[in-house]
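Written out below as structure tokens is the structure these notes cover.
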Amino acid sequence: MDFKEEVVKLLKFRVKNPQIEIPPIGMGDYAFPCFSLAKELKKSPNEISKDIINKIKPNKYIEKIVSAGPYVNFFINKEILTQDILKKILKEKDKFGSVNEGKNKKIVIDMSSPNIAKPFGIGHLRSTIIGNSLSKIYTKLGYKTIKINYLGDWGTQFGKLIVGYKKWGNASLLKENPIKHLLELYIKANDKEYEPDARDWFKKLEQGDKEALKLWKLFKELSIKEFNKIYKILGIKFEVISGESFYNKKMDETIKKLKNKHLLKESEGALVVNLEDYNLGVCLIQKSDGTTLYATRDITAAIDRNNKYKFNKMLYEVGSEQKLHFQQFFKVLELMGYSWYKDCIHVSHGLYLDKEGKKFATRKGNIVYMEEILKETIDIAKKTIEKKNPKLKNKDEAARKVAIAAIFFGDLKNNRVHDIVFDIEKFIDFEGNTGPYIQYTYARASSILRKAGKKNSFSVKELNEKEILLINKLNIFNEIIISAARQNSPAIIANYTYELAQLFNEFYHSCPVLKSDNEWFRLALVQATRQVIKNGLNLLGIDVLEEM
RNA sequence: GGGCCCGUAGCGCAGCCUGGAUAGCGCAUCUGCCUUCUAAGCAGAGGGUCGCGGGUUCAAAUCCCGUCGGGCCCGCCA
């Protein structure tokens, strides 16, 4: 039942495409502001509003129509809405909110992308969890999504690393704590003094030198092993694990294509694509020593992915500091004649900044280790559980889920584009506008349902204010998902889910369910709300708990 | 120097795309509520020139221009 459409129909006699809005709480369900008609009708909006209500009559779906100053406010039939929406949710369950706009369409999401031989830092967290959530959101809309973890496993840094390892490397330290050791070597070797050596080794690596390759492979394997520990805790899986190195052998082909299109220009010994006509500077394709750069690799990867997946959209979930890079290489794709360049989108996010408000810099050893953050947050979650619900089963798994909810939600509730100052205190906050608050709400709802007897069919009687607010909120879940997808913004889901939980807690507090007069109806409402909270959290990559 | 992004209560944010009716929420502070469905909760109080200045509009936190403050980027890193 589309109530808004009913309102539009009622107004048709006066306006073809009336702009309908949602009035403040308590003033109705839909509103039509009359300002826009004032000039044409040469009357005040207040008069127009009065005229309109005299000309239209309430019907089965629109119960009441009132004039409120310059607005016409519509009150819909809540019983019909309630029946409709509760039945739908209880029938569709986990699928509620699904749409099939994305049928037979593919979306590639380039995300996470930690750098080999460096710790998984807080910087990669955003890309990982935003990408993961977007994947779930698009899947809900019927798209097939392919999450690609595009590892930073190629580049001059490996020259530095090899130099460092050859100079100070220690096999047993490497085995013991590979990332820590490699990071030390990297920081040590990250000195002007070793630059020529490092370049040399990277060149050898690109040319397939056996020793260089062997070390590189070792570093890569050890790193992936470490990363997988983190992904397991986060509960995130990828359809494809790839890396920049994957395209090493195809790079020549890209350069050849660029040459054929007459896009390449030599400049100070390097090969560049000049984008100054587009205000995008120059895109460096090949260094003067003949080795490649990430733009080359990204271009190559994009072409390959388009061939392989025939995607409808490719999202790059990467920090905003790389904005220019993406603008440049999308432009190069366009100039190369690939019309699908416009399906490539840089879904940028703000940075995690340190306490001074500056970017974290691995080179300077200024890093926050994801592994430690996870451990600390899970520890605090465990302690909280011990305190609040000592009898809970599977405390370790519950602690993990609560911690992940805190971290994921704490990030996803923010608008993507904002920078976030990293503060561990925020991760271990479980009260108020947090993931655990929502999980707790779910657990409360579950608890009611466990204690309820047999559920029967319900009939909708007079609804109180709290019930109406809940119903209205449940009713917009579909729109919320679509809006989140349009804006590539999990924050929209996060904030919706929080507000829904808030409304449920208010209802929970003021409306007894079990043994109440309309127990069956309220049970259905609890069940439906619980379901939508679950669906919302799942879109964020957060698990629910039946008890906590 | 050029480009992009951000600026809403003490702090952290939502709302801005798609302009409308008293600008929402959380933390912190103060006050109530656990013999009834989990107090990780609920109710209430205080706290705002929506950075600043112009413009567009019947109407601006929202759109446009300028300005200040912060962040990021600007060829051989990714």
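So that the names make sense, note that chain A is the first sequence line, chain B the second, and so on, each numbered from 1. As the structure is a computational prediction, the values presented were derived from the model and not from experiment.
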### Query
Using a cut-off of 4.0 Å on non-hydrogen atoms, how would the nucleic acid contact of A/E499 be classed: base, sugar-phosphate, or nothing?
nothing
### Task
Grab the CG-P distance between A/L503 and B/C25 for me, whole Å please.
11 Å
### Query
Taking it one step at a time, do A/T300 and A/T254 satisfy side-chain hydrogen bond (donor to acceptor under 3.5 Å, both in side chains)?
CA-CA 6 Å; A/T300 311; A/T254 302; 2.8 Å; yes
### Message
From CZ of A/F360 over to C1' of B/G71, roughly how many Å is that when rounded to an integer?
### Response
14 Å
### Task
Answer yes or no for A/R305 and A/Y150: cation-pi contact, defined as NZ/CZ to six-membered ring centre under 6.0 Å and angle to ring axis within 45°.
yes
### Task
To the nearest Å, give me how far apart CD1 (A/I25) and P (B/C25) are.
9 Å
### Task
Please state the C1' separation for the pair B/A40 and B/U35 - nearest whole angstrom.
23 Å
### Task
Tell me, with the steps shown, if A/F504 and A/Y442 meet ring-ring contact (aromatic ring centres under 6.0 Å, His included).
CA-CA 9 Å; A/F504 180 79; A/Y442 179 90; 9.7 Å; no
### Query
More 5' along RNA chain B: A/V282 or A/K358, using each one's nearest nucleotide?
A/K358
### Query
What interatomic distance, in whole Å, is found between C1' of B/G48 and the corresponding atom of B/C13?
15 Å
### Task
Check every strand shown and say whether A/Q322 touches a base, only sugar-phosphate, or nothing at a heavy-atom separation below 4.0 Å.
base
### Query
What is the base-pairing partner of B/G46, counting Watson-Crick and G-U wobble geometry with both distances under 3.5 Å?
none
### Euclidean distance for P, B/G7 against B/A61 (whole angstrom)
15 Å
### Task
Indicate, yes or no, whether a donor-acceptor pair under 3.5 Å links the base of B/A21 to the side chain of A/N73.
yes
### Task
On RNA chain B, check which nucleotide each of A/F32 and A/D153 is closest to and give me the residue with the more 5' one.
A/F32
### Message
Within the 4.0 Å heavy-atom criterion, would you say A/G281 contacts the bases, only the backbone, or no part of the nucleic acid?
### Response
nothing
### Task
Report the distance from atom NZ of A/K160 to atom P of B/C76, rounded to the nearest whole Å.
12 Å
### Query
Salt bridge between A/E397 and A/R400, side-chain N to carboxylate O under 4.0 Å?
yes
#### Entry: Interatomic distance at C1', B/C42 relative to B/G26, whole Å
15 Å
#### Entry: Base partner of B/C27, which must satisfy Watson-Crick or wobble distances under 3.5 Å
B/G10
### Nearest-Å distance once atom P is located in both B/G1 and B/U67
12 Å
### Task
Between B/C58, B/C76, B/G7, spot the one nearest the side chain of A/H418, thanks.
B/G7
#### Entry: Selection residues 481-505 of chain A - residue pairs positive for salt bridge (charged side-chain N to carboxylate O under 4.0 Å, His left out), sequence neighbours left out
A/E101-A/R486, A/K473-A/E499
#### Entry: Given B/U18, B/C77, B/G75, the nucleotide with the shortest approach to the side chain of A/L284
B/G75
### Query
For the ring-ring contact (aromatic ring centres under 6.0 Å, His included) test, which of A/F326, A/F330, A/Y316 pairs with A/H346?
A/F326
### Query
From the list B/G75, B/G12, B/G71, which nucleotide is the closest neighbour of the side chain of A/K426?
B/G12
### Message
Anti or syn, where syn is a glycosidic angle within 90° of 0; which label fits B/C74?
### Response
anti
#### Entry: Proximal nucleotide (of B/A21, B/A78, B/G71) relative to the A/E244 side chain
B/A78
### Query
Can you tell me how far C1' in B/G32 sits from the matching atom in B/G46, rounded to whole Å?
15 Å
### Message
Using only modelled atom types and a 3.5 angstrom limit, is any donor from either the side chain of A/S320 or the base of B/C5 paired with an acceptor on the other?
### Response
no
### Message
Without decimals, in angstroms, what is the distance between A/D423 CG and B/C13 P?
### Response
11 Å
### Task
Report which part of the nucleic acid A/P45 touches: base, sugar-phosphate, or nothing (heavy-atom distance under 4.0 Å, all strands).
nothing
### Sugar-phosphate, base or nothing in reach of A/Q286, heavy atoms under 4.0 Å
nothing
### Task
Identify whether any heavy atom of A/R486 sits under 4.0 Å from a base atom; if not, whether one sits that close to sugar-phosphate; answer base, sugar-phosphate or nothing.
nothing
### Query
Within this structure, what is the CZ-to-P distance between A/F409 and B/C25, rounded to whole angstrom?
15 Å
### Query
To the nearest Å, how far apart are A/Y498 OH and B/G24 C1'?
11 Å
### Atom pair CG/CD1 of A/L412 and A/I542 - distance to nearest 0.5 Å
6.5 Å
### Query
Which nucleotide, in any strand shown, forms a Watson-Crick or G-U wobble pair with B/G66, with both distances under 3.5 Å?
B/C52
### Shortest side-chain distance from A/L293, nucleotide among B/G75, B/C77, B/A21
B/C77
### Query
Taking the side chain of A/M27 as its heavy atoms from C-beta onward, which of B/A14, B/G26, B/U22 lies nearest to it?
B/U22
### Query
Is there a Watson-Crick or G-U wobble partner for B/C58 with both distances under 3.5 Å, and which nucleotide is it?
B/G20
### Message
Students often get this wrong, so: under 4.0 angstrom with heavy atoms, is A/G155 touching a base, only sugar-phosphate, or nothing?
### Response
sugar-phosphate
### Inter-nucleotide P distance (B/C52, B/U8), Å rounded
10 Å
#### Entry: Criterion ring-ring contact (aromatic ring centres under 6.0 Å, His included) on A/Y437 and A/Y498, from CA distance to verdict
CA-CA 8 Å; A/Y437 168 93; A/Y498 170 66; 5.4 Å; yes
### Query
Checking all strands, does A/N279 fall into the base, sugar-phosphate, or nothing category for heavy-atom contacts under 4.0 angstrom?
nothing
### Query
Counting only Watson-Crick or G-U wobble pairs whose two distances fall under 3.5 Å, which nucleotide matches B/C37?
none
### Task
Treat primed atoms plus P, OP1 and OP2 as sugar-phosphate and everything else as base, then score nucleotides 33-45 of chain B 5' to 3': B for base contact with protein heavy atoms under 4.0 Å, S for sugar-phosphate contact only, - for none.
----BBSBSSS--
### Query
In terms of ring plane angle, is the pair A/F422 and A/Y352 parallel, tilted or perpendicular, where the classes change at 30° and 60°?
perpendicular
### Query
Does B/G75 sit syn or anti, given that only angles within 90° of 0 count as syn?
syn
### Query
For A/K359, which contact category applies under a 4.0 Å heavy-atom criterion: base, sugar-phosphate, or nothing?
sugar-phosphate
### Distance test, side-chain N/O of A/H325 to OP1/OP2 of B/G75, below 4.0 Å
no
### Query
Once you round it to whole Å, what is the distance between C1' of B/A14 and CG of A/N495?
6 Å
### Query
Roughly how far apart are A/L293 CG and A/L271 CG, rounded to 0.5 Å?
10.5 Å
### Message
For the residue pair A/K331 and A/Y278, would you count it as a cation-pi contact if the rule is NZ or CZ under 6.0 angstrom from the ring centre and within 45 degrees of the ring axis?
### Response
yes
### Task
Between B/G24 and B/C4, how far apart are the C1' atoms? Round to whole Å, please.
29 Å
### Message
Regarding A/A31, tell me which of base, sugar-phosphate or nothing describes its non-hydrogen contacts under 4.0 Å with the strands shown.
### Response
base
### Message
Salt bridge check, A/R530 against A/E546: does any charged N sit closer than 4.0 Å to a carboxylate O?
### Response
yes
### Query
Taking the side chain of A/Q487 as heavy atoms from C-beta outward, which of B/C72, B/C17, B/G75 is closest to it?
B/C17
